[in-house]
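Labels below follow one simple rule: chain letters A, B, ... track the order of the sequence lines, proteins then strands, and each chain is numbered from 1.
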Amino acid sequence: MIELAADKGIRLSDNSIASSPLAVRGLTVSYGQKPAVFSVDMTVQPGAMTAIIGPNGAGKSTLLKAALGIVKPLSGQVTVFGRPLEEQRAQIAYVPQRASVDWDFPTRVIDVVLMGLYRELGLLGRLHARHKARALDCLARVGMRDFADRQIGQLSGGQQQRVFLARALAQDADLYLLDEPFAGVDAATEKAIISVLKSLKEAGRTVVVVHHDLATVSDYFDHVFLINTRRVAEGPVAETFTADHLQAAYGGRLATAQVDQLARVLG
Amino acid sequence: MNGSEFVPLSLTPLLIGVLAAVACALPGNFLVLRRQALIGDAISHVVLPGIVVAFLLTGVIAAWPMMLGAAGAAVVAVVLIEAIRRLGRIEPGAAMGVVFTTMFAAGVLLLEQTDTSTVHLDVEHALYGNLESLIWLDATGWASLLDPVALAGLPVELARILVTLIGVAGFIWLFWRALKLSTFDAGFARTLGIRTNLLGLALVIVAAVAAVAAFDAVGSIIVIAMFICPPAAARMMTNTLEGQVGWSVIFAILSAVLGYVLAGYGPLWLGARDAVSAAGMIATISGLILALAARFGPCRTRSGAPVQV
């Protein structure tokens, strides 16, 4: 077994858990016999943009879903801003994978964005004009204002992704968790999404993104979390996004040539 | 046809048919969108042996024993499906198919072996109900609707299905936002704190209650058809969930009224002597509406469908 750099690091104090927007301890998730995520610790830095990276099937999405309580972990603890997840739901906005829903569902773009206001409206709360105005404003921030009344099935993949982001913006949370927001989207959408995420960061929000494109990690993010079922490394991009850690996370799955190329890029 | 004939003979079966159709179509909307449309089918098959056993134990056809028997059968079905799926290591769809058909077949056999000659319970009634027999003999005309003595003689099925419909509609009204959210995006719904599994279970239970109440009055054919046909046809008329539910209610009512009238009078108009089964005709009409919506509905284009050249 490769000796992992991060494991040699300092044991995190309780202090770091209390101040972390999302702290995960000893999280293990299994769908069958084999664990998808095994005994993972993660401490997201406040106000940072963190990429969760790792090979396909490494448990990136599962880690996020378990941290959100969407899948039930076998063991482990999750705290959000130092308190149990259940008490902190209002602090979290989530963008699921685009492919996880049925886009033929009979609903319009504006209705999807309004779903982000569920916690505010409750089961039977009246929908006022100001709610609608806020939803339209969120759509405008992702450049989709003109599509408000379209049926969601008529959108392109990139447009669907932007609508999902607008819904998360409507949640007006302190912690944004996004699952592969750049998967299969056009260049314009990728640019629009990253500029929205950067504006969130500037406003002091914390952003965590499951990411698959190693080439853009250094451009988009300031922190990185490498996973391959177990935690491989975690820290600022400049120190942690190294060829050694990538080799440890991806193993043989990352061609040597790619590692060399990345090593050159990373210096 | 005048009131003195229509009110006692046709009004109550027509109303019961309409209420049963709407009670099944409402939860059907969500079941269809959740790709669980066949649950309605499954429920109406599974409850048969439960109802027969309840009759064997109590000797009467009454609402509570029937509901309990149906619920017991549903529990047995769920346990059997899980057992077959795990022990046989086969996919859930196949396990369900085996359990539902087997339990329905067992129900039919039980029914045949049972002396039910004194009550309205036999294979025929299980399939297409006894809608035509739910008449209101105390009525003499429209005036009877205001006559307390006559109203006391209304078939109990009418009150039962009305209460069921109010319950079903109340559930959907109360949980509308949560149902919509968890049907569209269950993962996101869970991050909002919505207990999606519990809500999904509640939806199936509500559908089961509607199925059992409707089954009692109109038989399993209508139940199966009304869970699927009106919602599926409604989906092709509109692109909003509110619109879909509205259209599904319209289609359910249309199927029940047209089906009942055509079954009663259609054959006479064609020169035949006897009426045909109302339940069968109602289900057929709902199928025709679905076919028409599929051909002419304004919202038929689906993003997943192959492009027509």
Asks: State whether the number of non-hydrogen atoms from other residues, nucleotides or ligands found under 6.0 Å of B:Glu82 atom CD is greater than 12.
Replies: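 More than 12 heavy atoms, drawn from other residues, nucleotides or ligands, come within 6.0 Å of this atom.
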Asks: Given the rule in the salt bridge (Lys or Arg N to Asp or Glu O under 4.0 Å) test, do A:Asp104 and B:Arg235 qualify, once you have shown the distances and angles that lead to the verdict?
Replies: CA-CA 10 Å; A:Asp104 279 331; B:Arg235 175 64 189 90; 5.3 Å; no
Asks: Does a side-chain heavy-atom distance below 4.5 Å link A:Ile70 with B:Thr191?
Replies: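 Side chain of A:Ile70 against side chain of B:Thr191, heavy atoms only: contact under 4.5 Å found.
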Asks: Do the side chains of B:Leu33 and A:Pro106 get nearer than 4.5 Å, heavy atoms only?
Replies: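 When only atoms from C-beta onward are counted, B:Leu33 and A:Pro106 do touch, with a gap below 4.5 Å.
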Asks: What distance do B:Asn239 atom CG and A:Asp149 atom CG have between them, rounded to the nearest 0.5 Å?
Replies: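 If I round to the nearest 0.5 Å, the distance is 11.5 Å.
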Asks: So which atom in A:Leu123 and which in B:Leu174 form the shortest heavy-atom distance, rounded to 0.1 Å?
Replies: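 Here A:Leu123 and B:Leu174 meet closest at CD2-O, 3.8 Å.
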Asks: Chain B: which of A:Gly69, A:Pro96, A:Ala168, A:Gly116 shares the most heavy-atom pairs with it under 4.5 Å?
Replies: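 Sorted descending by pairs with chain B, the first entry is A:Pro96.
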Asks: Less than 4.5 Å to any heavy atom of chain B: does that hold for the side chain of A:Leu124, its backbone, both, or neither?
Replies: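 Contact with chain B involves both backbone and side-chain atoms of A:Leu124.
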Asks: Is there side-chain contact between B:Leu192 and A:Tyr94, with heavy atoms separated by less than 4.5 Å?
Replies: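 Side-chain contact under 4.5 Å: no.
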Asks: Nearest 0.5 angstrom please: B:Phe188 CZ to A:Met115 CE, how far?
Replies: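 Separation between the atoms: 8.5 Å.
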Asks: Considering only heavy atoms, which portion of A:Ile152 lies under 4.5 Å from any heavy atom of chain B: side chain, backbone, both, or neither?
Replies: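 Contact with chain B involves the side chain of A:Ile152 alone.
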Asks: Evaluate A:Phe164 against B:Asp185 for side chain to side chain contact (heavy atoms under 4.5 Å, CB included), listing each step before the verdict.
Replies: CA-CA 11 Å; A:Phe164 261 11; B:Asp185 191 344; 3.6 Å; yes
Asks: Is it the side chain or the backbone of B:Trp176 that comes within 4.5 Å of chain A heavy atoms, both, or neither?
Replies: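 Neither; nothing under 4.5 Å.
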Asks: Strictly less than 4.5 Å between heavy atoms, which residues of residues 240-249 of chain B line up against chain A? Please order them by number.
Replies: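 Hits under 4.5 Å: B:Thr240, B:Leu241, B:Gln244.
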Asks: Taking side chain as everything from C-beta outward and backbone as N, CA, C, O, which of these in B:Thr196 sits under 4.5 Å from a heavy atom of chain A? Side chain, backbone, both or neither.
Replies: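 The answer is neither part of B:Thr196.
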Asks: What distance do B:Leu181 atom CG and A:Leu114 atom CG have between them, rounded to the nearest 0.5 Å?
Replies: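 The CG atom of B:Leu181 sits 10.5 Å away from the CG atom of A:Leu114.
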Asks: Let me know if A:Val112 has heavy atoms under 4.5 Å from chain B in its side chain, its backbone, both or neither.
Replies: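 Just the side chain, heavy atoms under 4.5 Å.
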Asks: Find the distance between CZ (B:Phe184) and OG1 (A:Thr107) and round it off to the nearest 0.5 Å.
Replies: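 B:Phe184 atom CZ to A:Thr107 atom OG1 measures 7.0 Å (nearest 0.5 Å).
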Asks: Between A:Gln171 and chain B, with a heavy-atom cut-off of 4.5 Å, which part of the residue counts as in contact: side chain, backbone, both or neither?
Replies: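 When you check distances to chain B, only side chain atoms of A:Gln171 fall under 4.5 Å.
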Asks: So is B:Arg177 actually on top of A:Tyr118's ring, under 6.0 Å and inside 45° of the axis?
Replies: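 No; the conditions do not both hold, so B:Arg177 does not lie above the ring face of A:Tyr118.
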